[in-house]
Number of protein chains: 2
Amino acid sequence: MVLSKIPRDRNLTYGLVESLGQLIVTGEFDAKAFPTEGELSRQHGTSRSVTREAVKMLTAKGLLQARPRQGTSVTPETQWNLLDPDVLRWLLERKFSLRLLAEFTEMRLAIEPAAARLAARRADPEAIAHIRDGLRRMIAAGAGDEEPVTADIAFHTAILAATGNRFYAQLDPLINTALRISIRFTNRIKGRAAGIAGHDEVLDAIAAGDAERAGLAMHALISDALQLIEAAAENPGAAGARRSRRAG
Amino acid sequence: MVLSKIPRDRNLTYGLVESLGQLIVTGEFDAKAFPTEGELSRQHGTSRSVTREAVKMLTAKGLLQARPRQGTSVTPETQWNLLDPDVLRWLLERKFSLRLLAEFTEMRLAIEPAAARLAARRADPEAIAHIRDGLRRMIAAGAGDEEPVTADIAFHTAILAATGNRFYAQLDPLINTALRISIRFTNRIKGRAAGIAGHDEVLDAIAAGDAERAGLAMHALISDALQLIEAAAENPGAAGARRSRRAG
DNA sequence: TTGAGAATAATAATCATATAATATATGGCT
DNA sequence: AGCCATATATTATATGATTATTATTCTCAA
């Protein structure tokens with residue numbers, strides 16, 4: 001089946017949503033007012049239809065609000081829908097902060113152990129095979145750049161899917177985005193071996209149907225990650241925070 | 001301060017988003033294909049601008065996707081952003097199912113005890129006052145129709161706010177919607193007194209800074225609710241499921 | 001018959017322009 | 001000063017035209 005890909009860049013509207021989304025979360029409009037439709041159109045070389053549709057999409061994600069005569073404005077940050085995959089992605093990629101990553105990981109610390117417990121109670125053989133496959137890929141992956149990360153993410157999202165709960169499954173794209181960034185820290189500091197051992201323990205408990213052990217193992221995994229992030233947040237010069245080396 | 005109200009109904013676009021959102025989640029377009037721009041406009045008596053902008057907002061929430069020549073279509077349910085307050089509201093209000101409510105409550109069972117633990121560790125006096133105020137209102141509320149529910153919700157969202165974690169705070173509108181429906185079950189079956197005692201225990205633990213006790217108390221609270229919902233799901237004729245009496 | 005490539009057609013995407021609705025600002029009047 | 005009418009700026013809505021994309025159909029050669 002062809003996975004009808006969303007043409008994020010071949011499409012003026014979606015392109016504008018991306019640009020504006022990134023500008024908004026980076027605080028570009030904190031000082032100056034958000035432009036009017038006309039100005040936006042001129043600045044980005046798009047027609048008013050395209051501009052309006054982009055603004056509407058950002059409104060749907062809680063980032064903007066518009067009223068006649070009053071103009072369009074960026075909503076207070078508390079109203080942004082952080083649980084929208086795009087919004088979280090813009091924040092983590094364009095306005096990275098250890099604080100935000102820590103807060104997200106703190107939420108994972110509540111969600112994923114519970115997901116592991118549910119998976120242990122409910123996962124069918126096929127779901128367990130998916131989890132196992134993620135771990136297998138983690139082990140097989142050498143020191144490559146992409147595959148270890150992708151495999152780790154696959155492991156975690158397979159567990160979310162195995163809960164049989166749509167709300168847990170829904171966290172997939174969020175955890176996907178956050179993990180892709182988070183793993184840069186955890187892997188650099190603690191060796192891969194330790195990480196794999198922890199993941200193996202989770203899988204083993206789920207496969208054995210031992211909910212308590214699965215939850216504890218997952219909790220340990222994420223608790224480790226959270227501690228690394230918080231340590232880095234308090235000590236910005238240290239190892240984990242040096243991300244720029246590979247960035248270019 | 002004037003809380004610039006969003007004009008959901010005085011606005012053709014937002015009105016159309018509401019209508020279409022409800023139609024989509026209720027499965028109106030499962031059989032027939034989703035209409036084209038032109039048809040939608042004709043059917044709802046709106047211009048193409050309005051129609052397109054509404055479709056774009058629903059696209060931003062993951063409910064629709066559009067491609068030239070192929071038309072607009074409802075996305076598979078797994079891609080809907082259930083964590084968008086509007087989407088969850090449409091589902092719970094227009095396509096209520098005990099199954100979905102149970103799944104959401106299952107997620108609350110992971111989130112809210114963790115939130116209570118964080119609140120116990122971090123809440124400042126002001127935040128605790130807000131929580132206490134919610135409980136006070138719960139007690140003060142008679143057998144009225146709205147206030148007991150509103151007060152209960154205020155109690156829970158005050159705890160989310162007290163975590164100091166933006167992602168927990170973000171769950172406010174979701175839990176708001178779900179609780180408004182959920183409470184209809186729990187209150188009808190178990191007496192209010194028991195509920196208040198449980199809430200009081202949570203507040204007491206948070207105020208005392210006892211994270212473990214706060215988490216356990218909150219867990220007990222939600223676990224009770226979940227059991228009621230699951231019981232009702234398996235036994236549709238029983239008390240809790242009879243909601244229609246008061247509906248009109 | 002089959003496969004590749006070209007022509008067709010349906011649909012969303014984009015642009016342009018005009019009018020309406022609405023909230024703010026302005027200025028005059030009491 | 002306070003109130004009311006008027007002007008003004010901005011989004012909201014409507015409409016028509018053009019373009020881009022792509023699924024489908026058709027043609028023709030191997």
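Residue numbering restarts at 1 for every chain, and letters A, B, ... go by the order of the sequence lines. Quick note: numbers below take in every heavy atom, side chains included, and nothing from hydrogens, waters or symmetry partners.
In this structure, OH of A:Y14 is placed 10 Å from C1' of C:dA13, rounded to the nearest angstrom. The distance from atom CG of A:L12 to atom C1' of C:dA13 is 8 Å, rounded to the nearest whole Å. Spacing between atom CD of A:Q65 and atom P of D:dA12 amounts to 11 Å, rounded to whole angstrom units. Between A:K56 atom NZ and C:dA13 atom C1' the separation is 17 Å, expressed in whole Å. Between the CD atom of B:E37 and the C1' atom of C:dC15 there is a distance of 14 Å, given to the nearest Å. The CZ-C1' distance, from B:R42 to D:dT15, rounds to 14 Å in whole Å.
For B:H199, the ring pair (Phe, Tyr, Trp, His ring centres under 6.0 Å) criterion is met by B:F155, B:H156, not counting sequence neighbours.
Nearer to the 5' terminus of DNA chain C, by closest-nucleotide assignment, is the contact made by B:T72 (compared with the other of A:R69 and B:T72).
The side-chain contact (heavy atoms from CB on, under 4.5 Å) with B:S182 is formed by just one residue from the set B:L101, B:I153, B:I222; it is B:L101. Each of A:L171, A:T163, A:N165 was checked for a side-chain contact (heavy atoms from CB on, under 4.5 Å) with A:F167, and the lone residue meeting it is A:N165.
Atom CZ of A:R132 has 12 or fewer heavy atoms from other residues, nucleotides or ligands within 6.0 Å. More than 12 heavy atoms of other residues, nucleotides or ligands shown are found within 6.0 angstrom of NE2 on B:H44.
Residue A:Q70 places none of its side-chain N or O atoms closer than 4.0 Å to OP1 or OP2 of D:dT10. At the phosphate of C:dA23, OP1 or OP2 sits under 4.0 Å from a side-chain N or O atom of A:R67. In this structure, B:N11 reaches the D:dT13 phosphate: one of its side-chain N or O atoms is under 4.0 Å from OP1 or OP2.
From A:E37, atom CD reaches atom OG1 of A:T72 across 6.0 Å, with rounding to the nearest 0.5 Å.
Looking at residues 43-53 of chain B, you'll see B:T46, B:S47, B:R48, B:S49, B:V50 sit with a heavy atom under 4.0 Å from some atom of DNA chain D.
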